[in-house]
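In what follows, every chain begins at residue 1, and chains take the letters A, B, ... in the order their sequences are listed. What you see is a predicted model; the values in this text were computed from it and never measured.
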Amino acid sequence: MTQHICTPGCTHGITEENKKDVVEEFDTARRSFIRNAFVGGGAASLGAMGVTMSPMSFAAGANTPINADAPGQMHYYIPATPETVLWGYFSKNAKPTVEIESGDFVTMETLTHHANDDAERMVKGDPGAESIFHWDAQRKGVDRRGAGPMDAKIGAGGGAGVHICTGPVRIKGAQPGDILEVRIVDVTPRPSGNPDYKGKTFGSNAAAWWGFHYGDMLTEPKKREVVTIYEVDATGERNWAKAVYNYRWTPQTDPFGVMHPTIDYPGVPVDHSTITKKENILRDIRIPIRPHFGTIGLAPAEADMVNSIPPNYTGGNIDNWRIGKGAKIYFPVAVDGGMFSVGDPHASQGDSELCGTAIECSLTGTFQFILHKKADLPGTSLAELNYPLLETQDDWVLHGFSYANYLAELGPNAQDDIYSKSSVDKALRDAYRKMRHFLMTTQHLDEDEAISLMTVAVDFGITQVVDGNWGVHAILKKSMFPARN
Amino acid sequence: MTDLKRFSASAIPADLRQPAWNEILSRLGLASDAASSIRNDDSGHMALSVSTRDSVFVQLTATPQILSPIVSKANQPLQGTVLVLALLDGTAQVLDAEQTVKLRSGDIMLLDPSQSWRLALQTRFRIMLIKLESSSFLLRLVRTGRQEANRISTQQGIGALCLNMLQSLNEQLPHVDNNELPALEVTLAELLVACLSHKQSAGNEEATDVQLAHLRRVCRTVDSRLDDPDLHIEQIAAQEGLSARYLQKLFKNSGTTFSEYLKSRRIQHCCIDLANPALAPFSIAQLCYRWGFNDAANFSRTFSQFMGMSPKSYRAAPPQDLHEQLRRGCPQTKPSARSPTTDPQTFLQDDDIQKRRRPFHEVLDDHAKYALSLRLAPKRVSDIDNTAAAQTDTHSPRQYYLPVSDKTVHWGYFSNAIKPVLTIRSGNIVTIETLSQHASDDCERMIDGDAGAQSVFHWTGTTKNVDRRGAGPMDATIFGRGAGEGFGVHICTGPVYVTDAEPGDVLEIRILDIQPRLSCSPEHQGKHFGSNAATWWGFQYDDLLTEPKKREVVTVYEVHQHTHPPHAKAIYNFRWTPQTDPYGIVHPTIDYPGIPVDHSSIDKQFGILDKAVVPVRPHFGVIAVAPRETGMVDSIPPSYFGGNMDNWRAGKGTKLFLPVATPGALFSVGDPHASQGDSELCGTAIECSLTGVFQLVLHKQRDLKDSFMDGLSHPFLETPDEWVLQGMSFSDYQAELGPNAQTQVYKNSSMEAAMRDAFRKARHYLMKEHELSEDEAISLISVAVDFGITQVVDGNLGVHAIIRKAIFPDYNAD
């Protein structure tokens, strides 16, 4: 099959003329779907759930011939609903939301699990978000949150994993040993559904107990958690975010009556009558936005249900802000169909994600999936790849973790042990080894060449120190190998 | 700038007295016979100072012994030197094959160190011994007479003056800078010539020696006024109280004329400037104005006449023997095919004239050598572009030039006791040459022909110009690697004393420009090289895949400046093999800096990394002020005073703020890098000699209120777009780790601690300078501040936090 290959700025078949139609059609479909989902109580079939469209049909509708070389390429739309998300875990056994062919596009809505920090701004009036965050004394829109036991005291799933992950998407023909390339074609903010905040998007940053700063505070009370709400321009015209207000987390009682003295379970609705909002904070400060997906990856093979917090060899909660529009990320396929999920959308984050979270802000992404079969890998830059590899316009970014595959390395209690065993040193060690391997296999350098090049030209940065399996990334400039390009 | 070296016998264990004694005497080319008496003499004293011309001044107090010259091939450098002995107390005899000269208290005696004689100090004595460099003329006089003739009568007249001078010098030696010594040497040599001449005038025609003394003085005056385009012989004559006619005669005796000489001196200085890469930004016209040419066309013509090529082509490719010329000085004393019209040799008709002229030539030659030694000393640069400066800003900052040489570096350590090599004021601009300590990995490409580098790296069986390398013991009693033990490796140029700087102040270092230091070797003229060593202290060392594991590999890179963008390419690499240094110590690993690698012992692999093009990021790994702690501090772990931060962002256009810890701040810079990645993983960067232009701005403590600089206790880097907070495992490792800090820091560092420190510094900065609350700061850090790994190889590991200025659109530093 001839594939339509996207480049940054590519509209993958949507032209100025037909753009309006496409958007309209998506919107209609999305509205009708959500309505159906509500009406049908979430029992919608796969066919009804993913809105399936072919670019060819747009072309016909707009009377503009496009992409004649890509017959059969499909574009799916997956809205965020209780039926299309897994909250807090990856699972190889989850029912796929959609099954696609290599080369297809999927637009996926993702919701931040921190939206309930300010439901007024981030949930209200947004049917998708409302359906997922729905929680009254009787029922939760999504009950399981995390990979823990369903009867955990704190709440179903135990909060062992917190991210709302849209998917999984099953890629036909993907088998262990293959590589799945995911191109991030587009990333757009999700506008507030509340008419009071029309045209705006909001995000939340929680300085939480798992942050690097916790226990190392200067001012009283020393062990506090602070949530800062940020505003982002929904139209995308303004490339910076600003703070709106912050508040100190107070013990919150969830609708089932469980008290949460700290941020220990995702999606707890914050009762704004219990908190004190501090306005006029971070005045005159503009935070350049870097929209990206914190959690993105495939289902690991090692366990049925895997906590979404520690990143691993199949990706997951990598929390690298470089995973944004225009980037391509390559994952090793560990289970049949790959089972791709994405979530934890961020408007911006600094390297290290120091206080535990980024500007957690719902986004919608358009992805193209390209499957590279195992047999075709030797001799390419994907040969022997066994970790998430990011390619941006200028760089290769390799992800090192304290444990390259913690599930395999740490044994049966890996999902608990990982939180006490991480260190930056180990993550740097892993990043070093991966970079050496990459240079030796893909650029055919010997070990000494690889090491010299690394020390003089590769930048090692701290991806995150808050996700259990800590991350250090290594950035290799593509321009160093002009012959390649 | 010299540290006057002092030895009190009582302070040295008896067993070690003789080696210490002999080390000093060997600087004079002497040895003592009195092993046992030195050992038992605990009242002896010795002090030594070396001038920038390499003359050696020694004071000696001890019990009777016999000193005699070490005559060997290794003492070749002693050729052309004269030894001046002033017997201040005691009695002595000088004996040679022919006679015995008795000396009493107050006598002065001139000795030829290349001859064989014995100086028997018969009583307890106090003497001053001076080895005068480049005094070949004086030496000729010494050699013509018998020993008796070289004893100077000091009862009255010029001899008494001479004694007075030596006595005062003896008293004042501790207070005289070694860059002030050359002037004294010249005066002393003149006085001595005059003393001897009284005895010889009968035999010599026309009082030649007096004329020679005049010629010396005139040369110095001329050199000091080269920048005056209107300089005439009449002015010099008036200044020296001589007649113009007489001056003309002096130059005629030397086979040249005043104007030819003046031109040649100017051309010579222009040659040095043209060949100096640090001056590349200045036009040829600007450089020639600096040396008194007021017409570029005229300069170009004169230059071509002298050098046989245009200034432009000279600048593009300075001749291979440039530095030989420079060292030898006057081009006109050297036969040169390129300048037949000015070659004095062509005027020499017969032996007689030649004989008569030789002493005059020697004066000029010596003088050129003296001028060069001054050039290698730090100095104030006259405003390079007089006209432009006058037009734009009459208050343009003063400029200084600090060349790199064995006299202007400290190798491998910081200390607040190092004597400054240069003193400047806040706001002044100083151009500083720096050398990579890895240049000796490939001497041919990175040292050969480069006078400054050679003077620093010079190391033979008998001499090592910069002996101390590192903060360890001089006698290398710990590992036996060499003096200083390599506990610290970086060649640091400086220190520069900043007038008025006091602890509590902040020194702002603006890096205005960075220039490459090009190869001077004939083979690689004009190219730029660096070395990257994957070493035992690198992160990779215990984690290699291929055999032999635990290897060290040096990769030599060439840096291409003129491509867009500039880039580096690897040339070859080699595996480190055990290297034997010139003192005979074997270095199985890279355990001591500046070991000349014997290229016959290594196996070079070419064609490596042939597809990789490395973008360059020129910067200085080490930028420091002196630490407040006493004693020597290893240059490797960075700390509150800066030091070896190894952050590639410290390049052109950035400002580094350091807390002043000692009066005068004592700024030093070194460890130049062409490029480095964050983490400096294998232990080093592309280590590559560079010259930096720095403006030093002092911020007094009283003016710092409400600024982030108030109470600044760590390095703070500002780039055009970012503020960079440098976190370290220990932000002040000496204070935190106690007496064994310099050992402990290598063992107790961790990335977490460095990350923690970077976080705290970023938080402190945001709270203080941007007046954020702690919660605001923490949120901002998490969403907008990037943490990167600076280095994992310098003992005190580094993590930096980068705050983009764009976050604060309304921020105004003032």
Salt bridge check, A/Arg436 against B/Asp543: does any charged N sit closer than 4.0 Å to a carboxylate O?
yes
Hey, are the side chains of A/Leu218 and B/Met767 touching, using non-hydrogen atoms and a 4.5 Å cut-off?
yes
Counting heavy-atom pairs under 4.5 angstrom with chain B, the leader among A/Asp284, A/Leu453, A/Leu282 is A/Leu282
By a 4.5 Å heavy-atom criterion (distance strictly below it), what part of A/Ala358 contacts chain B: side chain, backbone, both, or neither?
backbone
Under 4.5 Å, counting heavy-atom pairs only, tell me which of A/Ile289, A/Val466, A/Ile281 racks up the most with chain B.
A/Ile281
Max heavy-atom pair count under 4.5 Å with chain A, selected residue of B/Val554, B/Val614, B/Val792, B/Val616:
B/Val614
Any B/Ile807 side-chain heavy atom under 4.5 Å of A/Trp240 side chain:
no
Checking side-chain contact (heavy atoms from CB on, under 4.5 Å) for the pair A/Ser423/B/Glu752: CA distance, chi angles, key distance, verdict?
CA-CA 7 Å; A/Ser423 79; B/Glu752 269 77 56; 3.7 Å; yes
Cut-off 4.5 Å, heavy atoms of chain B, and the answer for A/Thr357 is backbone
Looking only at heavy atoms and a cut-off of under 4.5 Å, which of A/Leu439, A/Thr228, A/Val458, A/Ile475 has the most pairs with chain B?
A/Val458
Please tell me if the side chains of B/Ile608 and A/Glu449 come closer than 4.5 Å, counting only heavy atoms from C-beta onward.
yes
Please indicate whether B/Glu771 has more than 12 foreign heavy atoms, meaning atoms of other residues, nucleotides or ligands, lying under 6.0 Å from its CD.
no
Within the structure provided, determine whether A/Met217 and B/Glu774 are in side-chain contact (heavy-atom separation under 4.5 Å).
yes
From the list B/Ile781, B/Leu780, B/Ile778, the residue making the most non-hydrogen contacts under 4.5 Å with chain A is B/Ile778
Return the option, out of A/Pro288, A/Ala207, A/Ala243, A/Gly203, with the maximum number of heavy-atom pairs under 4.5 Å with chain B.
A/Pro288
Scan side-chain atoms only and decide if B/Ser779 and A/Tyr230 contain a donor-acceptor pair under the 3.5 Å cut-off.
yes
Is the number of heavy atoms from other residues, nucleotides or ligands within 6.0 Å of CG (B/Asp810) greater than 12?
yes
Is the shortest side-chain heavy-atom distance between B/Ile789 and A/His473 below 4.5 Å?
no
Between A/Gly461, A/Ala427, A/Ala474, A/Ser352, which residue shows the highest count of heavy-atom pairs closer than 4.5 Å to chain B?
A/Ser352
When you look at B/Met751 and A/Trp470, which way does the side-chain contact (heavy atoms from CB on, under 4.5 Å) test go after all the steps?
CA-CA 12 Å; B/Met751 303 288 302; A/Trp470 292 7; over 6 Å; no
Comparing B/Arg756, B/Arg760, B/Arg804 against chain A, the one with the most heavy-atom pairs below 4.5 Å turns out to be B/Arg756
Can you find a pair of side-chain heavy atoms, one from B/Leu609 and one from A/Leu445, that are under 4.5 Å apart?
yes
B/Val553 vs A/Glu447 side-chain heavy atoms within contact, under 4.5 Å:
no
Would you say that B/Arg763 contacts A/Asp216 through its side chain, given a criterion of any heavy-atom pair below 4.5 Å between the two side chains?
yes
In terms of heavy-atom pairs under 4.5 Å with chain B, which of A/Val472, A/Ile287, A/Asp446 leads?
A/Ile287
Is there a donor-acceptor pair closer than 3.5 Å between any side-chain N or O of B/Asp786 and the backbone N or O of A/Asp351?
yes
Which atoms of B/Ile802 approach chain A - backbone, side chain, both or neither, heavy atom under 4.5 Å:
neither
Do A/Thr455 and B/Glu680 have side-chain atoms, one donor and one acceptor, less than 3.5 Å apart?
no
Can you tell which of B/Gly538, B/Ala806, B/Ser782, B/Ala533 has the highest number of heavy-atom pairs within less than 4.5 Å of chain A?
B/Ser782
Sort out for me which of B/Ala534, B/Pro809, B/Ala784, B/Ser675 touches chain A most, counting heavy-atom pairs under 4.5 Å.
B/Pro809
Is it the side chain or the backbone of A/Val227 that comes within 4.5 Å of chain B heavy atoms, both, or neither?
neither
I need the B/Met755 CE to A/Phe212 CZ distance, nearest 0.5 Å.
5.0 Å
Working for side-chain contact (heavy atoms from CB on, under 4.5 Å), residues B/Val613 and A/Phe481
CA-CA 6 Å; B/Val613 175; A/Phe481 300 98; over 6 Å; no
Does atom CZ of A/Arg238 have more than 12 heavy-atom neighbours, drawn from other residues, nucleotides or ligands, at distances under 6.0 Å?
yes
Return yes if some donor-acceptor pair links the side-chain N/O of A/Arg429 with the main-chain N/O of B/Phe539 below 3.5 Å, else return no.
yes
Would A/Ile285 and B/Glu776 count as a side-chain contact (heavy atoms from CB on, under 4.5 Å) if you check the C-alpha gap in whole Å, the side-chain angles of each, and the deciding distance to 0.1 Å?
CA-CA 11 Å; A/Ile285 286 176; B/Glu776 291 174 294; over 6 Å; no
Check whether any side-chain N or O of B/Thr555 sits under 3.5 Å from a backbone N or O of A/Ser452 as a donor-acceptor pair, and report yes or no.
no
